[in-house]
Undergrad: 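Submitted below is the structure of interest, expressed as structure tokens.
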Amino acid sequence: MTDALLVLEDGRTFAGEAYGATGTTWGEIVFNTGMTGYQETLTDPSYHRQIVVMTAPHIGNTGVNDEDPESGRIWVSGYVVRDPARRASNWRSDRSLDEELAAQGVVGISGIDTRALTRHLRERGVMRAAILSGDALLDAAGRRRAAEDLVAEVQARPQMAGADLAGEVSTDTAYVVKALGPDGAELAEPVARVAAVDLGIKSMTPNRMAERGIEVHVLPAQSSIDDVLATAPDGVFFSNGPGDPSAATHEVELLREVLDRRIPFFGICYGNQLLGRALGYGTYKLGYGHRGVNQPVLDRATGRVEITAHNHGFAVDAPLDEVSVAPHDGGRYGRVTVSHVDLNDDVVEGLAALDLPAFSVQYHPEAAAGPHDAAYLFDRFLDLMREPDKGAAAAGQATDVTDSPKGA
């Protein structure tokens, strides 16, 4: 076994064994509470520049396949597990997780007490960290490097607060995901057309729209309003993605151009935070964030509680208990309500404009991996595009909760 060391910026260290590639990596260390879906987690661009700790003790049991990735590569900067599987055992497995991590150069560590690490992060908050293994633990003379020197190196790395990262994970060129009919065949004429701004989009998201007969034009993060309008969209979508929403000035200005034209808008995760900022609300960094597939969220329009998938470290600061006027530019965007609330900690989980066709949620309704409770939100978006004058709040009250594609 090859020695590995996890170093936190507050000076705490965890000794273990190398998992995946050997070498050095750094990033913000966060924990994910999902017991399934590690492949989707690894390939989610929202985890760019983050070291992910899996709280489930056994990881890698089902191996890796070529069907479940949410993007073309692994995005996590490092991976921390307690007990990696000795062998992969699943009929869909093409190779082991350890092999995949090594092939993509992802430095990991195993054999540490992930429960103690998670409790530490819950108490102290997420922080910068590094994983070192093999020769990276030695100095030029072949001696073990001093822990205080490693901690100083971690503390010199940039923080996630203030980081503008969407452009680093977005597509370079636009592409189209064709609309599908009930039989799975491409539709000659879609029921709607959406311009989806890729801020770190997961592949399942445009697929969920395509299943509902929507043609999706996926655009780079730096697209202009002219690029958006060139797709002749019935609606605009902003995806999930990494980084601090307060640094995404271009994306916020683009979204205001969309709102000014009253084009129906739907955003998830990062897209929810950007809608909040476009409307004039603030955002803030959570102590340790929400990451997993087991978060209870109340949909205030229906009174239903959904079990949802999350991956975010920032949240919108908007009034929970009252309809408010969007603060931007003297309230020109009208009234806004908080549509969804996290039942664990009362974090804002969704916004709905009352005077604009715009809404968003903080979690992941595409369910990759995760529960399907929130799949109805794609139907809600389609309803809004069909009748934008009703507004987002009316669309939310009228939509049935269903997991079946509609409208094709």
Side-chain angles (χ1 to χ4, degrees), residues 31-41 43-44 46 55-56 68 70 182 194 196 201-214 235 237-240 265-273 275 286 289-313 315-316 320 337-352 358-385 392-408:
F31 59 87
N32 183 297
T33 59
M35 297 185 69
T36 62
Y38 59 78
Q39 190 171 343
E40 291 89 343
T41 294
T43 55
D44 180 351
S46 297
T55 61
D68 292 345
E70 286 300 307
V194 166
I201 199 167
K202 296 168 69 176
S203 63
M204 188 58 73
T205 303
N207 290 343
R208 290 292 186 227
M209 289 191 240
E211 291 170 353
R212 288 158 169 81
I214 301 170
F237 172 80
F238 273 27
S239 77
N240 60 291
F265 172 81
F266 176 34
I268 67 170
C269 199
Y270 200 53
N272 174 69
Q273 297 160 18
L275 178 61
L286 296 167
H290 300 159
R291 297 174 181 89
V293 295
N294 51 4
Q295 302 280 338
V297 169
L298 173 65
D299 180 350
R300 288 175 156 182
T302 64
R304 293 179 173 89
V305 176
E306 308 159 19
I307 302 302
T308 59
H310 287 231
N311 175 14
H312 66 109
V316 176
L320 282 177
T337 185
V338 172
S339 59
H340 296 74
V341 177
D342 191 297
L343 294 179
N344 285 333
D345 54 13
D346 289 335
V347 165
V348 172
E349 293 291 342
L351 299 170
F359 75 105
S360 59
V361 293
Q362 184 58 64
Y363 49 95
H364 288 260
E366 77 284 346
H372 294 249
D373 295 22
Y376 70 91
L377 289 164
F378 294 110
D379 298 326
R380 185 176 291 185
F381 187 32
L382 184 55
D383 289 341
L384 186 62
M385 288 187 285
Q397 292 168 355
T399 302
D400 291 330
V401 177
T402 176
D403 191 33
S404 59
K406 65 187 283 189

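All values derive from a computational prediction rather than experimental measurement. Start at 1 with the first residue, then count along the sequence.
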Undergrad: Could you tell me which residues satisfy side-chain contact (heavy atoms from CB on, under 4.5 Å) with Val293, sequence neighbours excluded, listed by chain and number?
TA: Ala309, Pro371
Undergrad: According to ring-ring contact (aromatic ring centres under 6.0 Å, His included), who are the partners of His340, at least two apart in sequence or on a separate chain?
TA: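 ring-ring contact (aromatic ring centres under 6.0 Å, His included) list for His340, sorted by chain: Tyr363.
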Undergrad: For atom CE of Met35, decide whether the heavy atoms of other residues, nucleotides or ligands shown that lie under 6.0 angstrom number more than 12.
TA: no
Undergrad: First locate atom CG of Leu377, then atom CG of Asp383, and finally report the distance between them rounded to the nearest 0.5 Å.
TA: 11.0 Å
Undergrad: Do Phe265 and Phe359 have side-chain heavy atoms sitting under 4.5 Å apart?
TA: no
Undergrad: Using atom types as modelled and distance alone, determine if a side-chain donor or acceptor of Arg300 lies under 3.5 Å from a backbone N or O of Val338.
TA: yes
Undergrad: Is there a donor-acceptor contact under 3.5 Å from the side chain of Asp373 to the main chain of Ile307?
TA: yes
Undergrad: Taking all heavy atoms of Pro365 and all of Ile268, pick out the closest pair and write down the distance.
TA: CD-CG2, 3.9 Å
Undergrad: Could you check whether any side-chain heavy atom of His290 comes within less than 4.5 Å of a side-chain heavy atom of Glu349, counting everything from C-beta outward?
TA: yes
Undergrad: Are any side-chain N or O atoms of Glu70 and backbone N or O atoms of Met204, one a donor and one an acceptor, separated by less than 3.5 Å?
TA: yes
Undergrad: Any donor-acceptor pair under 3.5 Å linking the side chain of Ser360 with the backbone of Phe266?
TA: no
Undergrad: Give me the atom names and distance for the closest heavy-atom approach of Ala367 to Arg208.
TA: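 Minimum heavy-atom contact is O-NH2, 4.3 Å.
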Undergrad: Would you confirm whether Lys202, through its side chain, and Glu366, through its main-chain N or O, come within 3.5 Å as a donor-acceptor pair?
TA: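 Between the backbone of Glu366 and the side chain of Lys202 there is no qualifying donor-acceptor contact (under 3.5 Å).
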Undergrad: According to salt bridge (Lys or Arg N to Asp or Glu O under 4.0 Å), does anything in residues 32-41 pair up with another residue at least two apart or in another chain? List the pairs.
TA: none
Undergrad: I'd like to check Thr205 versus Phe237 (side-chain heavy atoms, cut-off strictly below 4.5 Å). Are they in contact?
TA: yes
Undergrad: Heavy-atom distance under 4.5 Å between the side chains of Glu306 and Tyr376, does that happen here?
TA: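 Yes; the side chains approach each other to less than 4.5 Å.
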Undergrad: Rounded to the nearest 0.5 Å, how far does CG of Leu286 lie from NE2 of His312?
TA: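 His312 NE2 to Leu286 CG: 6.0 Å, rounded to 0.5 Å.
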Undergrad: Distance from Ile201 atom CD1 to Ser46 atom OG, nearest 0.5 Å?
TA: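 Atom-to-atom, Ile201:CD1 and Ser46:OG are 10.5 Å apart.
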Undergrad: Between Met385 and Ile214, is any pair of side-chain heavy atoms under 4.5 Å apart?
TA: yes
Undergrad: Would a 4.5 Å heavy-atom cut-off, applied to side chains only, mark Asn240 and Asn311 as touching?
TA: no
Undergrad: Counting N and O atoms only, with roles assigned by atom type, does the side chain of Thr33 sit under 3.5 Å from a partner on the main chain of Arg291, one being a donor and the other an acceptor?
TA: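 Between the backbone of Arg291 and the side chain of Thr33 there is a qualifying donor-acceptor contact (under 3.5 Å).
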Undergrad: Does Asp342 reach the side chain of His310, with side-chain heavy atoms less than 4.5 Å apart?
TA: yes
Undergrad: Taking all non-hydrogen atoms of both residues, which atom of Leu351 and which atom of Leu275 are closest, and how far apart?
TA: CB-CD2, 4.3 Å
Undergrad: Using a distance-only test with no angle check, is there a side-chain donor-acceptor pair under 3.5 angstrom linking Asp44 and His364?
TA: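 Asp44 vs His364: no donor-acceptor pair found between side chains.
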Undergrad: Just so I know, are the side chains of Asp379 and Arg212 near enough to count as touching, which here means a heavy-atom distance under 4.5 Å?
TA: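 Asp379 reaches Arg212 side chain to side chain.
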